[in-house]
Amino acid sequence: MILFVEYLHEMRGVMKEYLFKDIEKKWQEKWVSEKTFKAIDFHPTKPKYYVLYEFFNISGNLHMGHLKGTVPSDALARYKRFCGYNVLFPIGGDAFGLPAENAAIKSKIKPSKFVADGMQKVLSQSKMLGLSFDWDRTICTSDPEYYKWTQWIFLQLLKNGKAYKKTGHVNFCTGCQTILSNEDCRNGKCDRCGGIVIQKERAVWFLKMKEYSEKLLNNVDNIEMAEHLKDAQRNWIGKSEGMQITFNLQDENEKNVGKVDIFTTCIETIYGVTYVVLAPEHPLISQLREQIKNIKEVDKYIEQTAKRSEFDRLSDQKNKTGCVVEGVFAINPFTQKKVPVYIADFVLNNYGTGAVMAVPAHDQRDYEFAKKFNIPLVQVIQGICENCAVEKTQYLENNSTMLNSEEFTGLDVKTAKNLIIQKAEKIGCGTKKINYKMQDWPFNRQRYWGEPFPVVFCDKCGVVALEEKDLPLVLPEVDDYLPNAEGDSPLSKVKDWVNCKCPKCGADAYRETDTMPNWAGSSWYWLRYADPHNPNKLADYEKLKYWGSVDCYTGGTEHITRHVLYAFFWQNFLYEIGAVPNRNPFIRKMGSGLILDDQGKKMSKSSTNGVSPLEVIDKYGADATRLHLHFLGAYEDNVPWTYQGITGITSFLEKVWSLQDMVTNDNSISKNHIYVLNRLIKKISEDIEALRLNTAIAAFMSFIKQIKADGYITMKELQYFLILLNPLAPHITSEMYEIIFNKQITDESWPKYDEKYLLEDTINIPIQINGKLYKVITINRGASQDEVVEEIKNNNIDIKMEEVKKIIYVKDKIINIIK
RNA sequence: GCGGAUGUGGCGAAAUUGGCAAACGCACUAGACUUAGGAUCUAGCGGGCAACCUUGGGGGUUCAAGUCCCUUCAUCCGCACCA
């Protein structure tokens, strides 16, 4: 065989050394300057494909976690381009809000400067990874051109009654000096700074997210995503079906003094109610001050509760506290019997109605509380439990018999439940009701670095929205932007900015001095990429229609119950006001695993255990870094970072490079390689589509092994191989393609495999005897049982056919001989 | 407490519908080439001298189980007094 390499050597001199630094730099510069990966709006022939990676949080350097998500999406984007798609693969920076501001404060640099520098830094670092972003679409949430539209969306929310300001009890982070949403709190601590979260009364902007619960659940159903992530979202939204029941309230003299609504999912236990509990913040308390005989004691308890941090309340679940409300009784609408009323902080004011009917015989929490306060219990459903309640799971599972429940006594609980519901509806004391755990979204922060609210407060006109033409309302540059101890926004000190004229009546007015949370800008950014520089609209409707929903969205699983739910909410809203053409923002969401350090701890920007990707790139090159990290484990799994094994990757790349020395001038696929090559095409296509880079890399290695053993690769085979490998290792393959084929690899298309070359004509088939492996023989594919048995005999395998009871033969798979 | 996952060599990990467990790589061992080897190449590499045994443990279904069912243990993650 004539080695093509001899010809090549004549043409271009001997094969050069693999100098990854020069090669990678060359291609990275070329891709940027030639705009190789520009997405074309309304491409005349190619179908669109939208790959999105969560944009960078501008609070530090690129870290390993970013590579975990960006590299597979980059591979997918490159693969889809080869497949003939017009790919949109954009990037940007999430630069407003607490993370960026806290990082800026820490490094003692003004947030605006910190963010501008940070943006440049992460963009240039992602260029060093060879990521194929469309750089012309880069956005940054703290850029006025961008946040103009964040403010615009807020205005639409306000105009459509989805935003309201209300004084309420909210999570307040003692570290960040600002209110937080429920989504920002973990175990009573701030998710950003780890500070203790307490409850504070404050005037807060809320977005009516709760109203969207059912639509969000619908989004969850319609997204392609790992089931456990969907569960996490459904769990967060927390739909539960039950009844809302009204209890009348009486004073000591049995005079009606009001009523209280309670929510229950266990109406079947209505005859077992022995007390009612209100949340300490429940408005009835202040309404009934005159009737409450121990109001001092009650006030004291309420005060105590307010002082307790959420963390204390949660860590003290076993030890229930409460206070009886003397002088007020609740009347069970089914029995007309009166039961005492308590307040206790285990009842949450923001769930259901903030009041519960307590059934100590059938609810463990009620049981513990009743025991502590010596409240009697009445068992109404059969079941055995010593020193505990007979709970729902038990009695429903056994469909137990009703007790002490008037006309329902003796029925099974499932039948009784339905009849009790009917009775409640008939006597008019209750209706079926669905409750959601998810709350409205507290949407302001008392911090400097965020989108200013486009509203003013006017003594005459109240809350007045700015006119759209006056957007963006630019955040003023100030010197003193640190949060203060009172938790007021730093903007309140900027008098000439705060004081303004009412856009409606022209009178003196003042601006909202809180800013929007960091989640605001990220709740719609994927839409902006469709039309990132449009000064007149958040994005042109036709362009939004063209680019459609994100086909594959990659990013961290920690955002599943926050960012992704906010994204659903805003997209639903924007769809309803006709601003966007789809209700579902994302078709498929892939949650990436974490990178762990050698202690098994998460490696992230905030921890000190991080290994910088730049350090690895510098030492081994971008292609090697990309391959190594993804060879360590599957995309959705957590993987421990290690340098161990990176030599396997570098020697693989050396072998790839040395294919130049083995290429023949044959422009067809050789017989020896036809099956392995076709299988490789299939494997790589499927693996990239599923973001399984680890097994794809293994397949490339196996292929190379075979090529090395055979000592040659044809031109055609090498061409295919380089295209297949390009999405994972773009630099080396681009360079080799140019050297050998004198063409640009990005102009090529993805090789197709032929079904008929996936299976070889002869196969190895294991022979089992009584289910145990005995020997492996080689037969023709599709051989019949008789032919296989014949072959076994020919192979001198010691089986006496008269002893054989049964033969189980799975064609082309296995033969099991039962003796 | 509720929900979810994971458990496979010395290590990272593979394994369509149940069908040859350990692909691919690291580490390790031996050999070759070398002045040299942290380079390269070749071979070996779950355990056991063997028959055989082996996917956290125990049980089951099946001709056949890492995969399905029951049970149990361990680790990790999410939610957490949600009425």
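In what follows, chains are A, B, ... by sequence order, proteins preceding strands, each numbered from 1. All figures in this text were calculated on a predicted structure; none of them were measured in a lab.
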Q: Please compare Val639(A) and Pro766(A) by the position of their nearest nucleotide in RNA chain B and report the one closer to 5'.
A: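 In this pair, the answer is Val639(A).
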Q: With a cut-off of 6.0 Å (strictly less than), are more than 12 heavy atoms of other residues, nucleotides or ligands near NZ of Lys259(A)?
A: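 No, because the 6.0 Å sphere around NZ of Lys259(A) holds 12 heavy atoms or fewer from other groups.
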Q: What is the pairing partner of rG7(B), taking Watson-Crick or G-U wobble pairs with both distances under 3.5 Å in any strand?
A: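 With both distances under 3.5 Å, rG7(B) matches rC73(B).
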Q: Given the P atoms of rG10(B) and rG3(B), what is the spacing between them in whole Å?
A: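 Result for the P pair: 35 Å, nearest Å.
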Q: In whole angstrom, give me the gap between the P atoms of rC28(B) and rC11(B).
A: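 Going atom to atom, P in each nucleotide, I get 15 Å.
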Q: Of the options rA83(B), rC41(B), rC81(B), whose atoms approach the side-chain atoms of Lys655(A) most closely?
A: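 Selected nucleotide: rC41(B).
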Q: Parallel, tilted or perpendicular: which one describes the rings of Trp441(A) and Tyr566(A), with boundaries at 30° and 60°?
A: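 The arrangement is parallel - the two ring planes meet at less than 30°.
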Q: With a 3.5 Å distance limit and no angle check, can you tell me whether Asn780(A) reaches the backbone of Thr762(A) through a side-chain donor-acceptor pair?
A: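 No, because the side chain of Asn780(A) does not come within donor-acceptor range (under 3.5 Å) of the backbone of Thr762(A).
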Q: Rounded to whole Å, please give me the gap between CG in Asp637(A) and P in rG7(B).
A: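 From Asp637(A) CG to rG7(B) P: 9 Å.
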Q: Name the residue closer to the 5' end of RNA chain B, choosing between Ile646(A) and Glu227(A) according to the nucleotide with the nearest heavy atom.
A: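 On the 5' side of the pair lies Glu227(A).
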Q: Report yes if at least one side-chain N or O of Lys320(A) is closer than 4.0 Å to OP1 or OP2 of rC81(B); otherwise report no.
A: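 Answer no for this pair, as no side-chain N or O of Lys320(A) is under 4.0 Å from OP1 or OP2.
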Q: Let me know the distance between CD1 of Ile704(A) and P of rG25(B), rounded to the nearest Å.
A: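 Rounded to the whole Å, the gap is 11 Å.
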Q: Is the shortest side-chain N/O distance from Ser240(A) to OP1 or OP2 of rA83(B) below 4.0 Å?
A: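 Indeed, a polar side-chain atom of Ser240(A) lies that close.
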Q: Given rA83(B), rG19(B), rC24(B), which nucleotide is nearest the side-chain atoms of Val810(A)?
A: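 Closest nucleotide among those given: rG19(B).
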Q: I want to verify a distance call: between rG25(B), rC26(B), rA23(B), whose nearest atom is closest to the Phe631(A) side chain?
A: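 Given the options rG25(B), rC26(B), rA23(B), the side chain of Phe631(A) is closest to rG25(B).
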Q: Please determine, for rA27(B), whether a Watson-Crick or G-U wobble partner exists with both distances under 3.5 Å, and give it or none.
A: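 Pair assignment: rA27(B) / none.
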Q: Calculate the interatomic distance between Phe652(A) atom CZ and rA39(B) atom P; express it in whole Å.
A: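 Going from CZ in Phe652(A) over to P in rA39(B) covers 19 Å.
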Q: Would you classify Asp231(A) as touching base, sugar-phosphate or nothing, given that sugar-phosphate means primed atoms plus P, OP1 and OP2, and contacts are heavy atoms under 4.0 Å?
A: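 Sugar-phosphate: the residue Asp231(A), judged by heavy atoms under 4.0 Å, touches backbone atoms but no base.
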Q: I need the single residue from Val788(A), Ile779(A), Ile769(A) that forms a side-chain contact (heavy atoms from CB on, under 4.5 Å) with Ile815(A). Which is it?
A: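 Of the listed residues Val788(A), Ile779(A), Ile769(A), the side-chain contact (heavy atoms from CB on, under 4.5 Å) partner of Ile815(A) is Val788(A).
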Q: Nearest-Å distance, CG (Asn694(A)) to P (rA23(B))?
A: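 The answer, rounded to whole Å, is 15 Å.
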Q: Sticking with atom P, work out how far rA22(B) lies from rC73(B), rounded to a whole angstrom.
A: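 That atom pair is separated by 32 Å.
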Q: Pick the P atom in rU6(B) and in rA50(B), then give their distance to the nearest Å.
A: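 36 Å, rounded to whole Å.
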Q: Could you please name the option among rG12(B), rA14(B), rC81(B) that lies closest to any side-chain atom of Arg365(A)?
A: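 For Arg365(A), the side-chain atoms sit closest to rC81(B).
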Q: Look at Glu686(A) together with Lys682(A) and state whether they make a salt bridge at an N to O cut-off of under 4.0 Å.
A: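 Result for this pair is yes, salt bridge flagged.
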Q: When the C1' atoms of rC63(B) and rC20(B) are compared, how many Å lie between them, rounded to an integer?
A: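 Result for the C1' pair: 16 Å, nearest Å.
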Q: If you compare every side-chain N and O of Tyr436(A) against the phosphate oxygens of rC82(B) (OP1, OP2), does one of them come in below 4.0 Å?
A: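 So the side-chain polar atoms of Tyr436(A) never come under 4.0 Å of the phosphate oxygens OP1 or OP2 of rC82(B).
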Q: Which nucleotide wins on minimum distance to the side chain of Asn816(A), given the candidates rC26(B), rG19(B), rG4(B)?
A: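 Per side-chain heavy atoms of Asn816(A), the pick is rG19(B).
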Q: Base, sugar-phosphate or nothing for Ala634(A)? Non-hydrogen atoms, less than 4.0 Å.
A: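 It contacts sugar-phosphate atoms only.
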Q: Does the distance from a Lys or Arg side-chain N to an Asp or Glu carboxylate O, for Arg234(A) and Glu227(A), drop under 4.0 Å?
A: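 Salt bridge flag = yes for Glu227(A) with Arg234(A).
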Q: Return no unless some side-chain N or O of Asn770(A) is found under 4.0 Å from OP1 or OP2 of rC63(B).
A: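 For Asn770(A), the contact criterion (side-chain N or O under 4.0 Å from OP1 or OP2 of rC63(B)) is not met.
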Q: Give the nucleotide from the list rA27(B), rA83(B), rC20(B) with an atom nearest to the side chain of Gln644(A).
A: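 Nearest listed nucleotide: rA27(B).
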Q: Just the rounded figure in Å: distance from C1' of rA80(B) to CG of Asn235(A).
A: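 Taking atom C1' of rA80(B) as the reference, CG of Asn235(A) is at 9 Å.
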Q: Return the value, rounded to whole Å, for the distance between atom NE2 of His559(A) and atom P of rC77(B).
A: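 The distance from NE2 of His559(A) to P of rC77(B) comes to 18 Å, rounded to the nearest Å.
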Q: Is rG44(B) in the syn range, within 90° of 0, or in the anti range?
A: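 Anti conformation for rG44(B).
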Q: Checking base pairs now: Watson-Crick or wobble, both atom distances under 3.5 Å. What partners rC79(B)?
A: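 Check on rC79(B): paired to rG1(B), both distances under 3.5 Å.
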Q: Using the P atom as the reference point in each nucleotide, state the distance between rU29(B) and rG38(B) in Å, no decimals.
A: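 About 12 Å, rounded to a whole number of Å.
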Q: Please work out whether the ring planes of Trp641(A) and His628(A) are parallel, tilted or perpendicular, with thresholds of 30° and 60°.
A: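 Rings of Trp641(A) and His628(A): perpendicular, over 60°.
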Q: If we count only N and O atoms by modelled type, under 3.5 Å, do the side chains of Ser240(A) and Asn435(A) hold a donor and an acceptor together?
A: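 There is no such pair (donor and acceptor under 3.5 Å, judged by atom type) between the side chains of Ser240(A) and Asn435(A).
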Q: Return the nucleotide paired to rU61(B): Watson-Crick means purine N1 to pyrimidine N3 with N6-O4 or O6-N4, wobble means G-U with N1-O2 and O6-N3, both under 3.5 Å.
A: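 Here rU61(B) is not engaged in any pair, so there is no nucleotide opposite it.
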Q: To the nearest angstrom, how far is Leu773(A) atom CG from rA51(B) atom P?
A: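 Answer to the nearest Å: 13 Å.
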Q: If I pick the P atom on rG46(B) and the same atom on rC26(B), what distance separates them, to the nearest angstrom?
A: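 Looking at atom P only, rC26(B) and rG46(B) are 16 Å apart.
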Q: Rounded to whole angstrom units, what separation is found between the CD1 atom of Ile779(A) and the C1' atom of rC20(B)?
A: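 Distance, rounded to whole Å: 14 Å.
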Q: Which nucleotide in the set rC20(B), rG78(B), rC24(B) lies at the smallest distance from any side-chain heavy atom of Met701(A)?
A: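 Nucleotide nearest to Met701(A)'s side chain: rC24(B).
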Q: Within less than 4.0 Å of OP1 or OP2 of rG25(B), is there a side-chain N or O belonging to Lys705(A)?
A: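 For rG25(B), OP1/OP2 do have a side-chain N/O of Lys705(A) under 4.0 Å.
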Q: Please measure how far the C1' atom in rA80(B) lies from the corresponding atom in rC68(B), and state the result in whole Å.
A: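 Roughly 33 Å separates the two C1' atoms.
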Q: Scan every strand shown for a Watson-Crick or G-U wobble partner of rU16(B), both distances under 3.5 Å, and answer none if you come up empty.
A: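 Answer to the pairing question: none, since rU16(B) forms no Watson-Crick or G-U pair.
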Q: Considering every strand and a 4.0 Å limit on heavy-atom distances, what is the contact class for Gln768(A): base, sugar-phosphate, or nothing?
A: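 It contacts base atoms.
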Q: Asn764(A) near the nucleic acid: base, sugar-phosphate alone, or nothing, with a heavy-atom cut-off under 4.0 Å?
A: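 Result for Asn764(A) = base.
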Q: Looking at rC63(B), rC79(B), rC82(B), which one has an atom nearest to any side-chain atom of Ile818(A)?
A: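 Given the options rC63(B), rC79(B), rC82(B), the side chain of Ile818(A) is closest to rC63(B).
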Q: Side chain to side chain donor-acceptor pair (under 3.5 Å) with Thr265(A): which of Lys433(A), Glu241(A), Lys392(A)?
A: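 Only one option passes, and that is Lys392(A).
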